[in-house]
Engineer: 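This structure is in structure tokens; I'll ask about it shortly.
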Amino acid sequence: MPRKVSILGSTGSIGQNTIDLILRAPDEYEVIAVTGARNISQLAADARALSAQIAVTAHDNLLDELRAALEGSGIEAAAGAQSITEAASRPADWIMSAIVGAAGLEPGMAALAQGTTLALANKESLVCAGRLVLETGRAHGATIMPVDSEHSAVFQALVGEEMAAVERIIITASGGAFRDWPLDDLAQATLAQASSHPNWDMGQRITIDSASMFNKAMEVIETREFFDVKPEEIEVLVHPQSMIHALVGFNDGALMAHVGPPDMRHAIGYALHYPDRRKLPVERLDLAAIGRFDFYAPDMRRWPALRIAREVMARGGLAGAVFNAAKETALDGFIAGQLAFTQMSDIVAATLDTLEHGGGHIDATMTLDNVLQIDHLARKAAKAAIDKTTNKYVKT
Ligand code: NAD
Ligand code: MG
């Protein structure tokens, strides 16, 4: 019997890497749903290549285009956020959650509610609503496999170990595009410069988040949620080569490091085949040729996002949802040319402050409704902060 799989966010970088692995053994899988957003030709091509049951775009106004692109294939077409969530609840044994942003939360929750194995690339859902996501998974007997490279590395270093023996978890960061830039130049960083990563080939948003370290900031929170460790047990280490993805430190002084090439097909393949290991089409590292690995402590002036993540964890409640929504809005502002690169962290800090003091119900119970509501309020507050910044900028 082939395994039933769905790929939420098939048209993105993680989605395409997942498809690459599935198409290497097509007889082993029956593809239920693929989903995407604006790139209809890619979505239709994915659905056809995988003979999926249904293809869904997030955008209602693109339904006709999707229907036309699927004509003659017998593949169902649907559109809208609700339809993506419905597609995620169609029975499947393994579901890749690779939508970018908080838009991945509801489909991921729907997938968990059917008790499936959820391969979780969408770190935003853990940042926004970690406890809710994990509890939903537990309540329905679902399995959540991490797909972020660092978290897959930690997971692998922990196989067969007791959490009680873990003293610390170190996740590495490449340092992104501006690792070696003079601090004074960061404010002038352009969109094109921020959108190119030294080691990883990823979607544009996570690439910019790597340059600002918001990606690592989210990953610290993701580590806290996923492995249920204390914030002070999580460390970030800059490692420019991106080959050691994480290290777990045990109470006997041992550090277990996970080493591999910067290729997401490793973490995706591990999540796909777990608990087995299968041969994967990734580079085999020649350590003698590489010669050295470098490490250094992150500079908090260069990367204020790392400090903000610590504040968010200390604050608790729905601060993670505010943080994520503000970060997504600030990133939109940078992409739209409204904000300088360095202003993104100012907007996130200001939004957290506004919601803390502006009756944003940051201490409300973590339910899906409350998370979505505070996400909405935080986006509004972040937009207002961006408008203020832009006005100031125009006046001077
Ligand atoms: P991407 O931008 O390449 O792809 C995003 C996918 O989400 C696309 O299929 C897009 O159509 C879909 N999408 C975008 N907006 C949507 C919306 N509003 N509703 C529904 N679908 C929408 O992103 P990516 O780099 O593949 O990253 C996907 C997720 O995986 C993110 O959460 C990212 O943080 C995480 N991740 C990515 C990598 C990587 O190497 N790319 C590594 C670790 C974690
Ligand atoms: Mg990562």
Side-chain angles (χ1 to χ4, degrees), residues 5-22 31 33-37 39 42-43 46 58 84-85 87-88 92-112 116-130 133-134 136-137 142-156 171 173 197 199-210 214-223 225-227 242 245-246 258 260 262-274 280 282 324 327-328 331:
V5 303
S6 288
I7 307 169
L8 312 174
S10 74
T11 58
S13 165
I14 292 286
Q16 294 296 301
N17 278 309
T18 307
I19 292 174
D20 175 89
L21 292 182
I22 285 175
V31 178
V34 290
T35 81
N39 191 346
Q42 184 67 56
L43 179 58
D46 292 348
I84 290 184
T85 299
D93 306 303
W94 187 89
I95 300 182
M96 167 53 77
S97 166
I99 291 171
V100 64
L105 176 60
E106 288 186 82
M109 294 278 285
L112 289 171
T116 188
T117 295
L118 187 72
L120 189 64
N122 177 256
K123 65 190 85 185
E124 294 87 349
S125 47
L126 283 185
V127 174
C128 293
V133 169
L134 296 168
T136 304
T143 302
I144 306 181
M145 289 299 297
V147 174
D148 224 338
S149 55
E150 299 76 5
H151 305 75
S152 175
V154 172
F155 187 96
Q156 293 179 51
I171 59 173
H197 196 284
N199 305 336
W200 294 93
D201 180 11
M202 313 184 282
Q204 186 189 36
R205 297 181 75 85
I206 182 172
T207 301
I208 302 170
D209 284 348
S210 296
F214 268 112
N215 181 50
K216 208 54 53 181
M218 290 197 287
E219 290 181 359
V220 169
I221 300 174
E222 185 186 5
T223 302
E225 298 297 335
F226 205 99
F227 300 103
S242 294
H245 303 295
H258 180 283
D263 184 332
M264 286 309 294
R265 289 176 304 176
H266 170 74
I268 297 166
Y270 185 81
L272 183 59
H273 301 304
Y274 178 81
L280 291 174
V282 304
N324 181 70
K327 194 281 299 177
E328 288 191 33
L331 179 56

Engineer: Return the minimal non-hydrogen interatomic distance between Pro107 and Ile84, and the atom names on each side.
Structural biologist: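 Nearest heavy atoms, Pro107 then Ile84: CG-CG2, 3.7 Å.
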Engineer: Applying side-chain contact (heavy atoms from CB on, under 4.5 Å), run through Val5 and Asp93 and close with a yes or a no.
Structural biologist: CA-CA 6 Å; Val5 303; Asp93 306 303; 5.9 Å; no
Engineer: Using the side chain to side chain contact (heavy atoms under 4.5 Å, CB included) criterion, which residues pair with Ser97? Sequence neighbours excluded.
Structural biologist: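 For Ser97, the residues satisfying side chain to side chain contact (heavy atoms under 4.5 Å, CB included) (neighbours in sequence not counted) are Leu118, Leu120, Asn122.
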Engineer: If we only count heavy atoms from C-beta on, is the Met264 to Ser149 side-chain gap below 4.5 Å?
Structural biologist: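 With C-beta onward as the side chain, the pair touches.
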Engineer: Considering only residues two or more places apart or on different chains, which pairs with a residue in residues 8-18 satisfy salt bridge (Lys or Arg N to Asp or Glu O under 4.0 Å)?
Structural biologist: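 For residues 8-18, and leaving out neighbouring residues, there are no salt bridge (Lys or Arg N to Asp or Glu O under 4.0 Å) pairs at all.
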Engineer: For Tyr274, check ring pair (Phe, Tyr, Trp, His ring centres under 6.0 Å) against everything at least two apart and list the hits.
Structural biologist: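 Once residues adjacent in sequence are excluded, the partners of Tyr274 under the ring pair (Phe, Tyr, Trp, His ring centres under 6.0 Å) criterion are Phe155, Tyr270.
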Engineer: Answer yes or no: is there a side-chain heavy-atom contact under 4.5 Å between Ile7 and Ile14?
Structural biologist: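 The answer is no; the side chains never approach within 4.5 Å.
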Engineer: Listing request: all salt bridge (Lys or Arg N to Asp or Glu O under 4.0 Å) pairs with a residue in residues 5-18, at least two apart in sequence or in separate chains.
Structural biologist: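 As it turns out, there is no salt bridge (Lys or Arg N to Asp or Glu O under 4.0 Å) pair with a partner in residues 5-18 once direct neighbours are skipped.
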Engineer: Would you indicate whether the side-chain heavy atoms of Ile206 and Val100 approach each other to under 4.5 Å?
Structural biologist: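 Answer no - side chains too far apart.
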Engineer: For a 4.5 angstrom cut-off between non-hydrogen side-chain atoms, does Leu43 reach Ser10?
Structural biologist: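 Counting from C-beta outward, Leu43 and Ser10 do come under 4.5 Å.
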Engineer: Enter the distance from Ile99:CD1 to Leu8:CG here, rounded to the nearest 0.5 Å.
Structural biologist: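 Reported value, rounded in 0.5 Å steps: 5.0 Å.
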Engineer: Do the side chains of Val133 and Ile144 get nearer than 4.5 Å, heavy atoms only?
Structural biologist: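 With C-beta onward as the side chain, the pair touches.
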Engineer: With sequence neighbours excluded, what pairs up with His151 under the side-chain hydrogen bond (donor to acceptor under 3.5 Å, both in side chains) test?
Structural biologist: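 Glu222, Thr223.
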Engineer: Any idea which heavy atoms bring Thr11 and Ala37 closest together, and the distance?
Structural biologist: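 Looking at all heavy atoms of both residues, the shortest contact is OG1-N, 4.4 Å.
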Engineer: When rounded to the nearest 0.5 angstrom, what distance separates CG in Leu126 from CG in Leu134?
Structural biologist: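 Result: 5.5 Å between the selected atoms.
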Engineer: Who pairs with Asp201 by side chain to side chain contact (heavy atoms under 4.5 Å, CB included), at least two apart in sequence or on another chain?
Structural biologist: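 Residues passing side chain to side chain contact (heavy atoms under 4.5 Å, CB included) with Asp201: none at all.
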Engineer: Taking side-chain hydrogen bond (donor to acceptor under 3.5 Å, both in side chains) as the test, write out the residues that go with Gln42, two or more places apart.
Structural biologist: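 side-chain hydrogen bond (donor to acceptor under 3.5 Å, both in side chains) list for Gln42, sorted by chain: Gln16, Asp46.
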Engineer: With sequence neighbours left out, write down each residue that passes ring pair (Phe, Tyr, Trp, His ring centres under 6.0 Å) with His258, or none if nothing qualifies.
Structural biologist: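 Result, ring pair (Phe, Tyr, Trp, His ring centres under 6.0 Å) vs His258: His245, His266.
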Engineer: Could you check if a side-chain atom of Leu280 sits within less than 4.5 angstrom of a side-chain atom of Arg265, using non-hydrogen atoms only?
Structural biologist: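 Leu280 does not reach Arg265 side chain to side chain.
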Engineer: Between the main-chain N or O of Thr117 and the side-chain N or O of Thr143, is there a donor-acceptor pair closer than 3.5 Å?
Structural biologist: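 Side chain of Thr143 to backbone of Thr117: no pair is present.
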Engineer: Roughly how far, to the nearest 0.5 Å, is the CG atom of Asp209 from the NE2 atom of His197?
Structural biologist: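 Here the rounded value is 10.5 Å.
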Engineer: For Ser242, give me all partners under side chain to side chain contact (heavy atoms under 4.5 Å, CB included), at least two apart in sequence or on another chain.
Structural biologist: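 Only Ser174, Asn199, Trp200, Pro262 meet the side chain to side chain contact (heavy atoms under 4.5 Å, CB included) criterion with Ser242.
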Engineer: State which residues pass side-chain hydrogen bond (donor to acceptor under 3.5 Å, both in side chains) with Glu106; sequence neighbours excluded, sorted by chain then number.
Structural biologist: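 Counting only residues at least two positions away or on another chain, Glu106 forms no side-chain hydrogen bond (donor to acceptor under 3.5 Å, both in side chains).
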Engineer: Hey, could you give me each pair passing salt bridge (Lys or Arg N to Asp or Glu O under 4.0 Å) that has a residue in residues 144-156? Not counting sequence neighbours.
Structural biologist: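 Applying salt bridge (Lys or Arg N to Asp or Glu O under 4.0 Å) to every pair that reaches into residues 144-156, excluding sequence neighbours, yields Lys123-Asp148, Glu150-Lys216.
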Engineer: Is the backbone of Ala271 close enough, under 3.5 Å, to the side chain of Trp94 for a donor and an acceptor to pair up by distance?
Structural biologist: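 The answer is yes, because a donor-acceptor pair under 3.5 Å joins these two groups.
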Engineer: For the residue pair Ile95 and Ala88, what are the closest heavy atoms and their distance?
Structural biologist: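 Shortest heavy-atom separation between Ile95 and Ala88 comes out as CD1-O, 3.5 Å.
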Engineer: Any donor and acceptor pair, going by atom type alone, linking the side chain of Glu225 with main-chain N or O of Gly130 inside 3.5 Å?
Structural biologist: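 Between the backbone of Gly130 and the side chain of Glu225 there is no qualifying donor-acceptor contact (under 3.5 Å).
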Engineer: Could you work out, with side chain to side chain contact (heavy atoms under 4.5 Å, CB included) as the rule, every residue matching Ala102, not counting sequence neighbours?
Structural biologist: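 Per chain and number, Ala102 pairs via side chain to side chain contact (heavy atoms under 4.5 Å, CB included) with Cys128, Asn324, Glu328, Asp375, Arg379.
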Engineer: Do Thr116 side-chain atoms and Leu112 backbone N/O form a donor-acceptor pair below 3.5 Å?
Structural biologist: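 Between the backbone of Leu112 and the side chain of Thr116 there is no qualifying donor-acceptor contact (under 3.5 Å).
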